[in-house]
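This report concerns only the one structure given below.
Below, read A as the first sequence line, B as the second, and so on, with proteins coming before strands; counting in each chain starts at 1. The analysis underlying the following values was restricted to heavy atoms, covering all of them including side chains, and did not include hydrogens, waters or symmetry mates.
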2 protein chains.
Amino acid sequence: MPQKTAVPKADMREALMSEARAAVQAHGYNALSFRELAKAVGIKSASVHYHFPTKGDLGAALAHRYTQEGAAVLEDLLAQSRDARWCMDRYIEIFRAALVNDNRMCLCGIMGAEYDDLPPGVRTEIDAFAQVNIGWLERVLALTKSKRDKTALKEQAVAIYAAIEGAQLIARSRGDIAAYDQAVRAYRATRLIP
Amino acid sequence: MPQKTAVPKADMREALMSEARAAVQAHGYNALSFRELAKAVGIKSASVHYHFPTKGDLGAALAHRYTQEGAAVLEDLLAQSRDARWCMDRYIEIFRAALVNDNRMCLCGIMGAEYDDLPPGVRTEIDAFAQVNIGWLERVLALTKSKRDKTALKEQAVAIYAAIEGAQLIARSRGDIAAYDQAVRAYRATRLIP
DNA sequence: ACCTGAACACCGTTCAAGT
DNA sequence: ACCTGAACACCGTTCAAGT
């Protein structure tokens, strides 16, 4: 896929990140190619290194921005409502949307599968994403009436994050969004998710 | 890592599959290299193509065997006991063992993350693995006293498979087996898993 | 400040050639 | 039947060179 329209000079870094993000969510970090990326935005692969010295730098920048944006979205949800059920509905929708959008996965979920191959800088950012999600889930769970000790709450937050990432993973690998919906229904039937 | 001991000629195909399986569980399908694989067993990369014409053929062979072996193990569990709790304990242990063993992932879980890049033959085998697991989980859930309609049972089976794969994924990507254990405890506390 | 071509050591794959 | 070296088009990275 060559570039559709010339990329304005000043936005080259942005254009690279945007293309790269879509590519990683679709095919993973390993499959990301500087040469294809360059072709997509209309420069040479050597020039990509001017903006991102190594592939690891690009991966870390992607994961960092993804985490920042995700945190902002989640923060906004809690600002809009203190209803746990409503917040979880939105959370579930967000992860579902990635599947709908070209069978993509959460950037950090798919990179997590490649964890052992990732440069340290990328790993750090992936960890941060998990922390943001689990922390937010804890706060949402705390809105629930049911009294629970802090440890159980934390465990449930970890479990929900794992369960949602897992549902996304298996739905994607079967090319079947219905699998995501089925898993989520069962999560809610058992009240793992409020 | 060069070969430790010379590989007997007749077992070359086996040696390749064994090395490749460990490599994929650790680093994924994309990161699997015919050249490194060849070095590990003491032949040239061109020779690997004699045993497996393409990388896709190797991947499909790996996933096929993995599914067959997994199915046999699960079958054996149900033959040993009709207690759902005991069967699920073993199931949870199996997926945990991969993490303990060099932070590896389920072969089909990690390949699922790379699904869009996989040759069709590999995809088919990954689907088969999911089917085997979900089918087995349905049978185990059916052992439970609680009366449930078939649809709910199937959904719960899908959910457990997704939840376990997800717990493995996030534990691996945080390099922390405790995350797996935490998620599983919450799955059981909510009775998602018997 | 931003881009380039050429080189390097990697990759999967093919193929004619060896035993 | 099983292996090989050489070639091909790919990959990330480096660097001297251009504007």
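Sorted by first and then second residue, the salt bridge (Lys or Arg N to Asp or Glu O under 4.0 Å) pairs involving residues 125-144 of chain A (not counting sequence neighbours) are E75(A)-R139(A).
Nucleic acid contact class of L58(A) (heavy atoms, under 4.0 Å, all strands): none. If you check every strand for non-hydrogen atoms under 4.0 Å, F34(A) touches sugar and phosphate atoms only. Here S47(B) lies in heavy-atom contact (under 4.0 Å) with a base.
R35(A) places its CZ atom 14 Å from the P atom of dA7(C), with the value rounded to the nearest Å. Look at CG on D57(A): it is 8 Å from P on dT13(D), rounded to the nearest Å. Put simply, CG on D11(B) is 11 Å from P on dC2(D), counting in whole angstrom units. Per the geometry, CG belonging to L16(A) stands 13 Å off P belonging to dG12(D), to the nearest Å. Summarising the geometry, the separation between CD1 on I43(B) and C1' on dA1(D) is reported as 13 Å, rounded to the nearest angstrom. Here dC11(C) presents its P atom at 13 Å from NE2 of H27(B), a figure rounded to the nearest Å. Rounding to whole angstrom units, NZ of residue K55(B) and P of dC11(C) are separated by 10 Å. The separation between K44(A) atom NZ and dA16(D) atom C1' is 18 Å, rounded to whole Å.
When each of dT14(C), dC15(D), dC11(D) is scored by its nearest atom to the side-chain atoms of A46(A), the top-ranked nucleotide is dC15(D).
The phosphate of dC3(C) (OP1 or OP2) has no side-chain N or O of Y50(A) nearer than 4.0 angstrom. For H49(B) and dT4(D), the shortest distance from a side-chain N or O to OP1 or OP2 is not below 4.0 Å. Neither OP1 nor OP2 of dT13(C) sits under 4.0 Å from any side-chain N or O of S45(B).
To the nearest 0.5 angstrom, I164(B) atom CD1 is 8.5 Å from L137(B) atom CG. Interatomic distance, C106(B) SG to M111(B) CE, rounded to the nearest 0.5 Å: 10.5 Å.
Using a 4.0 Å cut-off between charged nitrogen and carboxylate oxygen, E36(B) and K39(B) do not count as a salt-bridge pair. Using a 4.0 Å cut-off between charged side-chain N and carboxylate O, D83(B) and R85(B) make no salt bridge.
The backbone N or O of F129(B) lies less than 3.5 Å from a partner atom in the side chain of N133(B), making a donor-acceptor pair.
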(request) Under 3.5 Å for both distances, Watson-Crick or G-U wobble, that's the pair rule; now give the dot-bracket for DNA chain D, with | marking pairs to another strand and [ ] for crossing ones. (result) ||.|||||...|||||.||
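Looking at every heavy atom in both residues, H49(B) comes nearest to P53(B) through ND1-O, 2.8 Å.
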